[in-house]
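Just the heavy atoms: all of them, side chains too, but no hydrogens, waters or symmetry mates, feed the values below. Just so it is clear: chains get the letters A, B, ... in the order the sequence lines come, proteins before strands, and each one is counted from 1.
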Amino acid sequence: MTAEYFQRDRRWHPPALTPDYKTSVARSPSLPLLSIENSLSEITGPTFSHAALGGLDNDLILNFTGEPAIGERTVVHGRVTDETGRPVKGALLEVWQANAGGRYRHVKDGYLAPLDPNFGGCGRCLTDEDGFYVFRTVKPGAYPFRNYSNSWRMAHIHFSIFGAGLTQRLITQMYFEGDPLRDQDPIAQTIPDPAALDRLVAPLDLNASVPLDSLAYRFDIVLRGRRQTVFENKLEGA
Amino acid sequence: MPLEYPKETPAQTAGPFVHIGAMPRIAGFTCFDVELGQQIAGPDVPGERIVIEGQILDGTGTPCRDTMVEVWQADDQGRYAHPEDPRGAEVADGFTGFGRAHTDFDTGLFRFETIKPGIVPGRHGRDQAPHVSFWIVARGINIGLHTRMYFPEDNTSTDPVLSMIEQPHRRDTLIAERTADGQYRFDIRLQGDRETVFLDV
Ligand SMILES: [Fe+3]
């Protein structure tokens with residue numbers, strides 16, 4: 001079936017210009033986006049297979065050196081569905097995060113918190129037939145960033161998601177239930193509706209934890225839905 | 001009760017360290033075997049070999065040096081390597097159509113080696129001029145920006161997307177400059193006088 005995707009609700013996402021997150025000021029387009037109807041160029045998109053992934057790619061505790069990283073051992077799992085509730089199978093998820101002290105392993109991160117020799121901070125996996133995914137990691141620390149002189153990021157994991165087509169491409173961040181920095185974090189606060197921000201806050205999921213080993217958080221992801229019926233759509237130019 | 005659909009997960013900026021997750025080799029990691037998006041068209045794929053280079057400029061005209069740029073394109077016959085393209089099964093082995101680059105930490109340049117795409121079928125039987133879809137994310141960009149690059153030597157006058165842009169000088173923001181045989185320059189301006197046309201796809 002070749003059908004169009006639902007229009008993106010831009011009021012639900014952060015706007016381009018959010019002055020309290022200062023970097024957005026010079027990096028936000030000021031003219032309206034040009035809305036186009038889906039063509040083959042937008043409903044298609046890159047696809048990925050298990051052949052490209054290694055066995056430890058989704059295990060951030062072990063995948064840097066094989067020795068365990070320091071920090072709160074944490075399972076992050078969930079399901080990727082679309083706006084009609086259907087699972088998105090074979091979606092590629094890539095994650096990156098700071099270590100338990102809030103430090104990234106990156107040449108541009110100069111935060112004084114130390115690197116963990118056994119933590120890299122990158123992971124990836126594909127969703128299964130029902131849209132489920134799982135990672136294992138350590139809970140990242142909060143960290144300061146240059147915005148106001150005392151701006152802090154609440155603990156977060158960055159997520160990049162490839163769905164079935166270019167229209168579903170998304171990068172977002174996952175937060176942890178109960179984080180006291182939520183209302184101060186200028187990046188989380190770029191999202192206008194608190195109900196939308198709630199969707200990025202993963203609740204503790206004690207039933208998915210591994211007793212005597214790891215806590216767990218559940219982060220479900222919804223990608224754009226698509227029409228189920230095609231009437232005179234002629235998307236392919238047929 | 002109004003009809004409710006579950007809403008899309010809201011976007012957040014990719015931040016300055018996107019390379020760690022999406023281009024780990026650029027960030028200095030060797031823990032993954034395969035770096036994704038590094039081969040758009042393998043050596044045996046037919047088509048004209050081209051190079052696309054450019055910068056992402058902010059509203060002050062400064063190149064952004066922490067951006068990730070993704071491209072998605074059809075092969076030389078206008079076919080996408082995707083199960084929903086009716087001709088998708090015909091693309092050559094080694095053609096992915098997907099590329100990923102970062103803007104260099106010093107120069108701010110991104111670079112793709114690929115083949116020139118063909119004419120892609122559009123809606124209602126209206127062809128689309130050869131184009132490469134771009135998606136860019138970075139610190140300060142709250143939701144990924146879609147745009148397209150077209151080629152200056154092609155007839156773009158009937159392209160359905162370019163035709164929708166009212167102002168001629170804005171249309172030109174989507175057309176690359178040919179700097180030598182097979183070499184194209186495509187700068188993307190996030191803001192200002194010559195702001196690139198970004199798409200809500
Ligand atoms: Fe971060």
Side chain, backbone, both or neither: which part of [X] has an atom under 4.5 Å from a heavy atom of chain A?
{"X": "B:Arg189", "answer": "neither"}
{"X": "B:Ala74", "answer": "neither"}
{"X": "B:Arg79", "answer": "neither"}
{"X": "B:Val161", "answer": "both"}
{"X": "B:Ile143", "answer": "side chain"}
{"X": "B:Val201", "answer": "both"}
{"X": "B:Gln128", "answer": "side chain"}
{"X": "B:Tyr80", "answer": "side chain"}
{"X": "B:Thr13", "answer": "both"}
{"X": "B:Ile26", "answer": "neither"}
{"X": "B:Phe29", "answer": "side chain"}

Heavy-atom distance under 4.5 Å to chain B: side chain of [X], backbone, both or neither?
{"X": "A:Thr190", "result": "side chain"}
{"X": "A:Arg10", "result": "side chain"}
{"X": "A:Leu92", "result": "side chain"}
{"X": "A:Val107", "result": "side chain"}
{"X": "A:Thr47", "result": "side chain"}
{"X": "A:Phe159", "result": "neither"}

How far apart are the closest heavy atoms of [X] and [Y], and which atoms are they?
{"X": "B:Trp135", "Y": "A:Ile171", "value": "CH2-CG1, 3.8 Å"}
{"X": "A:Ser35", "Y": "B:Met164", "value": "O-CE, 3.9 Å"}
{"X": "B:His146", "Y": "A:Leu166", "value": "CE1-O, 3.7 Å"}
{"X": "A:His13", "Y": "B:Glu8", "value": "NE2-OE1, 2.9 Å"}
{"X": "B:Ala14", "Y": "A:Trp96", "value": "O-CZ2, 3.4 Å"}

*Side chains of A:Glu42 and B:Trp72: does their closest heavy-atom pair fall under 4.5 Å?*
no
_Heavy-atom side-chain contact between A:Phe162 and B:Phe98 under 4.5 Å_ = yes
*Is a donor on one side and an acceptor on the other found under 3.5 Å between the side chain of B:Glu195 and the backbone of A:Leu31?*
yes
_Rounded distance [0.5 Å steps], OG1 in B:Thr9 versus CZ in A:Arg199_ = 5.0 Å
*Answer yes or no: is there an ion pair linking B:Lys7 with A:Asp9, defined by an N-O contact shorter than 4.0 Å?*
yes
*Is B:Arg126 paired with A:Glu37 through a side-chain N to carboxylate O contact shorter than 4.0 Å?*
no
*Under a 4.5 Å heavy-atom cutoff, which of A:Ile187, A:Leu223, A:Ile221, A:Thr167 has the most pairs with chain B?*
A:Ile187
*Under 30°, 30 to 60°, or over 60°: which ring-plane class applies to B:His19 and A:His106, parallel, tilted or perpendicular?*
tilted
